[in-house]
Amino acid sequence: MSDSVWIKKLWRDTVWAMLHNIRIQVSKDVTRPVATPFGVGTAAGINIQLPSETGEEASSYSGPFAVRYDSGSKKLRIGAGWLFCNGVFGSVPAGSVAPANGILCVTAELADGEWSKPEIKFADPSGTAHPIARVAVAGGSVVITQFPVTVAQLMTVKQCILAEV
């Protein structure tokens, strides 16, 4: 008699992925450890939330444009920071946005020689969109990869009309 147990390939893949995709978060929202499975097959994993001893969310970055997920409001909270636009130094106030998959950027546009009010939104990095974090939303969890930024820099250049003469 064999000790082998035959299971469906999907179940095996799910268990294998869960054991290799574990996300651990320290949270002020839980009073005891909580493990939550998510996904199916090779996209499966386990979210583990541990209670915070200080009542604060754990974070390895707390500088300008620090991004945190607020589970109460279900929004990303972004800290204030500084911005350098074509030689003009300014500040960007703290803000919040709904989580989504993509790159979170500080953005502003140059029109008629004036920069618009800076915004924090999901965009493709460019001369007018400085990346501050990558956000991935999957299976009820929000994963933030912070890009430490001291000063966001936006630059816009054009060909000088006098250079063409």
Side-chain angles (χ1 to χ4, degrees), residues 17 20-30 34 36 38-39 42-165:
H20 291 85
N21 187 14
I22 298 174
R23 300 175 186 162
I24 301 173
Q25 173 189 20
V26 176
S27 175
K28 65 181 178 183
D29 297 329
V30 296
V34 176
T36 309
F38 67 89
T42 58
I46 300 172
N47 286 327
I48 298 175
Q49 288 186 306
L50 302 173
S52 170
E53 294 176 11
T54 63
E56 304 254 338
E57 297 291 330
S59 175
S60 59
Y61 181 73
S62 60
F65 305 113
V67 180
R68 291 185 181 39
Y69 179 66
D70 182 342
S71 57
S73 67
K74 304 235 185 277
K75 290 194 173 242
L76 297 173
R77 300 282 180 204
I78 302 103
W82 296 284
L83 181 63
F84 189 73
C85 298
N86 279 23
V88 178
F89 190 81
S91 62
V92 179
S96 65
V97 297
N101 289 313
I103 304 293
L104 194 58
C105 296
V106 176
T107 67
E109 297 294 327
L110 183 63
D112 299 323
E114 295 291 323
W115 284 95
S116 66
K117 181 179 174 184
E119 294 181 76
I120 299 173
K121 63 183 183 179
F122 287 93
D124 291 325
S126 68
T128 58
H130 190 100
I132 59 173
R134 172 179 286 119
V135 180
V137 180
S141 68
V142 178
V143 178
I144 300 165
T145 304
Q146 182 77 53
F147 306 145
V149 174
T150 304
V151 178
Q153 297 188 32
L154 303 181
M155 299 286 175
T156 299
V157 294
K158 288 201 268 188
Q159 179 71 33
C160 176
I161 57 169
L162 296 176
E164 296 175 2
V165 177

Leu110 side chain reached by Thr128 side chain, heavy atoms, under 4.5 Å: no

Can you give me the closest heavy-atom contact between Pro131 and Val149, atom names plus distance? O-CG2, 3.7 Å

Note, Trp115 side chain near Leu154 side chain (heavy atom, < 4.5 Å): yes

Mind checking the CG-OG spacing from Leu83 to Ser91? Nearest 0.5 Å is all I need. 8.5 Å

Report yes if some heavy atom in the side chain of Tyr69 is under 4.5 Å from a heavy atom in the side chain of Lys74; otherwise report no. yes

Shortest non-hydrogen pair, Ile120 vs Pro93, comes out as CD1-O, 4.2 Å

Tell me, with the steps shown, if Phe147 and Ile132 meet side chain to side chain contact (heavy atoms under 4.5 Å, CB included). CA-CA 5 Å; Phe147 306 145; Ile132 59 173; 5.5 Å; no

Arg134 atom CZ: more than 12 heavy-atom contacts under 6.0 Å: no

Nearest heavy-atom approach of Pro99 to Lys75 is CD-CA, 4.0 Å

Nearest heavy-atom pair of Thr107 and Ala123: which atoms, and what distance? CG2-CB, 4.2 Å

Side chain proximity check, Phe89 to Val151, heavy atoms < 4.5 angstrom: yes

I need the minimum non-hydrogen distance between Ile144 and Ala133, along with the two atoms involved. CG2-CB, 4.2 Å

Is any side-chain heavy atom of Leu104 closer than 4.5 Å to one of Phe65? no

Output for pair (Asp124 CG, Cys105 SG), nearest 0.5 Å, gives 7.5 Å

How many angstroms lie between CD in Glu119 and CD in Glu109, if you round to the nearest 0.5 Å? 8.5 Å

Give the minimum heavy-atom separation between Asn101 and Val137, together with the two atoms involved. OD1-N, 2.6 Å

Could you check whether any side-chain N or O of Gln153 sits under 3.5 Å from a backbone N or O of His130, counting only pairs where one atom can act as donor and the other as acceptor? no

